[in-house]
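What follows is a set of notes on a single structure, which appears directly below.
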Amino acid sequence: MIQDINLKVGYNKRLAEGIHEIKLISERRLPVMHCGQFLHLKVNGLATVLRRPFCLYKFDATSVTIAVAVVGRGTEEICRCRPGDIMSAVLPLGNGFILGSEHRKIALIGGGIGCAPLAAVGLCYPDREYRAYLGFSSKEKVCLTEQFAFAKTTVCTDDGSVGYRGYPTDACRADIPSFKPDVILVCGAEGLMRAAAKLCLETGVPGYVSTESRMGCGVGACLVCACAVKNPDGTVSNKRACADGPVFSLKELVL
């Protein structure tokens with residue numbers, strides 16, 4: 001059940017340049033949450049109507065932790081929060097990653113802050129075998145990787161300053177013949193989503209992506225986050241990333 005809840009800041013720590021991890025604590029039990037869902041956070045200190053969406057990076061019965069990339073005035077203000085501050089959030093929102101009993105081996109492909117929603121997959125489905133391929137521009141940008149202890153993890157950097165040099169989809173492609181994943185879960189920038197869609201098409205492995213669409217209301221009313229999706233009959237229609245997603249099949253999403 002969706003609820004608007006006041007949450008107290010437990011901590012706010014810098015993970016990397018422009019990336020913060022913020023833990024929000026509730027005085028009462030939170031609604032049931034699932035990997036791939038998100039919350040809509042009110043920005044304190046700014047005269048703005050729109051909230052900001054953040055994936056459920058880590059969560060339990062009384063707290064939720066978000067990873068925030070500073071990309072504008074709203075996120076900059078959020079990252080100024082201090083322990084004890086009260087923030088209002090609507091949660092949980094959206095449809096997350098759903099794994100079936102046939103999905104025993106899972107490949108996770110994330111880029112930058114897009115690694116965050118994938119970290120919760122292991123929390124919700126602990127009894128699977130995982131390999132994670134996490135991409136960053138350089139060593140200085142690497143973060144969130146400690147949350148993937150449940151997976152055999154390959155860190156990838158564009159400049160080769162740490163780990164595999166190149167795109168995480170390329171690192172995943174090299175492992176597919178031996179690992180044989182049942183499904184690939186993805187989150188990152190549009191270029192990474194395109195590369196992942198190509199990988200799934202070439203290998204025949206089904207893939208699902210958590211989109212990073214800009215959102216307005218967060219509940220499907222404003223249509224700001226509309227994205228193009230292919231229908232079974234070949235036509236294309238717009239769906240709402242907030243209400244119909246944010247997780248979509250890579251086979252269906254028009255990129």
Side-chain angles (χ1 to χ4, degrees), residues 1-7 9-10 12 15 19-26 30-44 48-72 74-75 77-79 81 87-99 108-125 143-144 147 185-190 192-193 208-227 229 239-249 253:
M1 182 175 62
I2 298 173
Q3 297 182 29
D4 193 349
I5 301 172
N6 285 331
L7 302 166
V9 176
N12 173 7
L15 298 181
I19 305 290
H20 286 242
E21 179 182 281
I22 300 172
K23 184 173 184 178
L24 303 170
I25 301 170
S26 173
L30 292 171
V32 174
M33 296 173 276
H34 192 72
C35 57
Q37 290 186 301
F38 67 97
L39 59 75
H40 225 200
L41 193 66
K42 185 177 181 180
V43 182
N44 296 334
T48 176
V49 174
L50 297 180
R51 298 179 181 231
R52 299 297 188 272
F54 299 101
C55 73
L56 305 180
Y57 166 50
K58 293 185 286 186
F59 50 84
D60 56 32
T62 57
S63 73
V64 59
T65 303
I66 58 175
V68 182
V70 178
V71 295
T75 48
E77 187 65 33
I78 288 169
C79 287
C81 71
M87 308 185 81
S88 175
V90 179
L91 80 161
L93 295 170
N95 299 298
F97 291 110
I98 303 297
L99 296 180
L108 307 172
I109 299 178
I113 195 69
C115 298
L118 302 176
V121 178
L123 176 67
C124 293
Y125 298 97
C143 58
L144 310 175
Q147 301 304 323
L185 307 183
V186 185
C187 187
E190 190 169 324
L192 180 63
M193 290 193 291
Y208 295 87
V209 60
S210 176
T211 60
E212 294 188 325
S213 303
R214 294 181 65 87
M215 296 181 184
C217 69
V219 294
C222 70
L223 305 181
V224 167
C225 62
C227 54
V229 176
K239 290 194 174 182
R240 303 158 300 175
C242 64
D244 301 311
V247 174
F248 294 97
S249 166
L253 197 62

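Every heavy atom of this structure was used, including side-chain atoms; hydrogens, water molecules and symmetry mates were not. Note that the structure is a prediction, hence the values are computed from the model and not measured.
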Short side-chain to backbone donor-acceptor contact, Thr211 and Pro246, under 3.5 Å | yes

Exercise: identify the closest heavy-atom pair between Phe97 and Tyr125 = O-OH, 3.6 Å

Under the side-chain contact (heavy atoms from CB on, under 4.5 Å) rule, what do Lys58 and Leu123 come out as? Steps first, then yes or no, please.
-> CA-CA 8 Å; Lys58 293 185 286 186; Leu123 176 67; 5.6 Å; no

Between Leu192 and Gly110, what is the shortest heavy-atom contact and its length?
-> CD2-C, 3.7 Å

Where do Ile22 and Phe54 land on the side-chain contact (heavy atoms from CB on, under 4.5 Å) test, with the steps shown first?
-> CA-CA 11 Å; Ile22 300 172; Phe54 299 101; over 6 Å; no

Do His34 and Phe59 have ring centroids that are under 6.0 Å from one another?
-> no

Between CG on residue Leu185 and CG on residue Leu99, distance to nearest 0.5 Å = 5.5 Å

From Lys42 NZ over to Asp4 CG, what is the distance, rounded to the nearest 0.5 angstrom?
-> 8.5 Å

Do Leu24 and Val9 pass the side-chain contact (heavy atoms from CB on, under 4.5 Å) test, and can you show the C-alpha distance, the side-chain angles, and the key distance before you say yes or no?
-> CA-CA 5 Å; Leu24 303 170; Val9 176; 3.9 Å; yes

Check Ile25 against Gly10 and note the closest heavy-atom contact, atom names and distance.
-> CD1-CA, 3.8 Å

Heavy atoms of Pro92 and Leu56 approach each other most closely as CB-CD1, 4.3 Å

Asn12 CG to Cys79 SG distance, which is reported to the nearest 0.5 Å | 6.0 Å

Correct closest heavy-atom pair for Leu30 and Ser63 would be CD1-N, 3.4 Å

Closest heavy-atom pair and its distance - Leu144, Gly112 = CD1-O, 4.0 Å

Nearest 0.5 Å, what's the SG-NE2 distance between Cys242 and His40?
-> 8.0 Å

Close side-chain approach of Met87 to Ile78, heavy-atom, < 4.5 Å = yes

Go through Phe38 and Ile66 one step at a time and tell me if the side-chain contact (heavy atoms from CB on, under 4.5 Å) criterion holds.
-> CA-CA 9 Å; Phe38 67 97; Ile66 58 175; over 6 Å; no

Ile113 side, atom CD1; Cys187 side, atom SG - distance, nearest 0.5 Å = 9.0 Å

About how many Å separate CD of Gln147 and CD of Glu21, when rounded to the nearest 0.5 Å?
-> 6.0 Å

